[in-house]
2 protein chains.
Amino acid sequence: MPGGELALRLLGAFRDLIDALHMELAARGHPDVRPGHGFALQAIAPAPVTGSELAGRLGVTKQAAGRTVDVLAERGYVARTDDPADARRRLVVLTPRGRELLALSGEILERLRSQRAAAMGPERFAAFEDGLRTLTDGGGGPFAAAGWFVSS
Amino acid sequence: MPGGELALRLLGAFRDLIDALHMELAARGHPDVRPGHGFALQAIAPAPVTGSELAGRLGVTKQAAGRTVDVLAERGYVARTDDPADARRRLVVLTPRGRELLALSGEILERLRSQRAAAMGPERFAAFEDGLRTLTDGGGGPFAAAGWFVSS
DNA sequence: CTTTTCGGTCAATCATGTTGACGATCCTAG
DNA sequence: CTAGGATCGTCAACATGATTGACCGAAAAG
């Protein structure tokens, strides 16, 4: 496999997964969530975060993170709450709809993975995942991937 | 490996490759080419194409493709030529600099792949590539990946 | 020859990111 | 306790890359 083909296939595999995920999400009540939003939601899920923390995790400016939060709040996935301990901070938390979306996404992704494992054969798939894990261990944080594609 | 982690690692592996590629390209005389441009150049390389054909291959509108060609032409990687057989068409061709860039990219990607294969062990890497190939066979065309990440 | 299709471009708009600046708030050293 | 600095969130201006809609000239179809 030439080096260029390797890169193309990695992207293709990722895109196939994400496209299938969002097709299914759209069909199940979440037509207005975009791939990029998933990163933000996953970064918000573990615990309430501030805009600055979110920006750091996503690798964007705090202004861009704030804008993403605006969109997610408009669509009902997150809410801003005041921090009683610090009047500067506005904590972003998941709404029930946001939690539902994450749970649904996890379930769908799990099924997509199972389908691929079954189609390929469990042993071959395990070997594939083993290689992928080795390839990506030591890479940057999991979320710093939203906007790196663009530029002049 | 949970389904979400699978997707994240696929993207991470791709991003690592492309980041390393463009770091190296920048250091070797091509600091102003962007990841998205690579897709366009590869789509142009096999034979002269029109803007509409390019748009189809990249999965964007003809206006967006035309704009990409503008940028690549400004930077000396492609040139527009008139088609003597059809006055409507403006064929886009690679310049020598464009061909040099593609050759260099292929060489660098090949080395990046070899490094990863050596680090992991040739047998494990072969198994990994075998799985990846199986996973992505039957997927969409190779280039329809430039702009799918964005949206409202 | 007329009508339709096709290729390319212009214009307006949208989505997403950036930098720079700024008020409000908190923290900390004196 | 207070003054200075750091942090959080936001506003404004701008850049980039994409979109839709409209249009003109040229080719193809009838």
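Chain A is the first sequence line, chain B the second, and so forth, proteins listed ahead of strands; every chain is numbered from 1.
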Open item on the list: Please report the distance, rounded to the nearest Å, between CG in D82(B) and P in dG7(C).
Closed with: 16 Å

Open item on the list: Expressed as a whole number of angstroms, how long is the span from R34(A):CZ to dT19(D):P?
Closed with: 13 Å

Distances for protein N/O vs nucleotides 22-27 of chain D N/O pairs under 3.5 angstrom?
unit_1: dA27(D); atom_1: OP1; unit_2: A87(B); atom_2: N; d: 3.1

Task: D82(A) side chain vs P84(A) backbone, donor-acceptor pair below 3.5 Å - done: no

TODO: Taking only the side-chain nitrogens and oxygens of R80(A), find out if one of them lies under 4.0 Å from OP1 or OP2 of dT10(D).
DONE: yes

Task: Residue closer to the 5' end of DNA chain C, E53(B) versus A64(A) (nearest nucleotide) - done: E53(B)

- [ ] Would you kindly give the CZ-to-C1' distance between R89(A) and dT10(D), to the nearest whole Å?
- [x] 17 Å

Task: d(CG, L54(B); P, dG7(C)) in whole Å - done: 13 Å

- [ ] Name the nucleic acid region contacted by T50(A), choosing base, sugar-phosphate or nothing; use a 4.0 angstrom heavy-atom cut-off, strictly under.
- [x] sugar-phosphate

Task: Short side-chain N/O contact to dG8(C) OP1/OP2 from S52(B), under 4.0 Å - done: yes

- [ ] Under the side-chain contact (heavy atoms from CB on, under 4.5 Å) rule, what do R34(B) and V71(B) come out as? Steps first, then yes or no, please.
- [x] CA-CA 11 Å; R34(B) 299 291 149 205; V71(B) 173; over 6 Å; no

- [ ] With heavy atoms under 4.0 Å as the rule, sort G66(A) into base, sugar-phosphate or nothing.
- [x] nothing

Task: Residues in side chain to side chain contact (heavy atoms under 4.5 Å, CB included) contact with E110(A), at least two apart in sequence or another chain - done: R113(A), P2(B)

- [ ] Determine the minimum heavy-atom distance between R99(B) and L94(B), stating which atoms define it.
- [x] NH1-O, 3.3 Å

Task: Nearest-angstrom distance from the residue atom CZ of R67(A) to C1' of dT18(C) - done: 13 Å

Task: d(NE2, H37(B); C1', dA18(D)) in whole Å - done: 13 Å

Task: Salt bridge D70(A)-R80(A), side-chain N to carboxylate O under 4.0 Å - done: yes

TODO: Spell out, as yes or no, whether a donor-acceptor pair under 3.5 Å connects the side chain of R97(A) to the backbone of G76(A).
DONE: no

TODO: Report yes if a side-chain nitrogen or oxygen of T68(B) is closer than 4.0 Å to either non-bridging phosphate oxygen (OP1 or OP2) of dA18(D); otherwise report no.
DONE: yes

Task: A40(A) to T68(A) - nearest heavy-atom pair and separation - done: CB-CG2, 3.9 Å

Open item on the list: Could you tell me how far apart R90(A) (CZ) and dG23(C) (C1') are, to the nearest whole angstrom?
Closed with: 16 Å

- [ ] Tell me which of V49(B) and P84(A) sits closer to the 5' end of DNA chain C, going by the nucleotide each one is nearest to.
- [x] V49(B)

TODO: Would you please confirm or rule out a distance under 4.0 Å between OP1 or OP2 of dT18(C) and any side-chain N or O of T61(A)?
DONE: yes

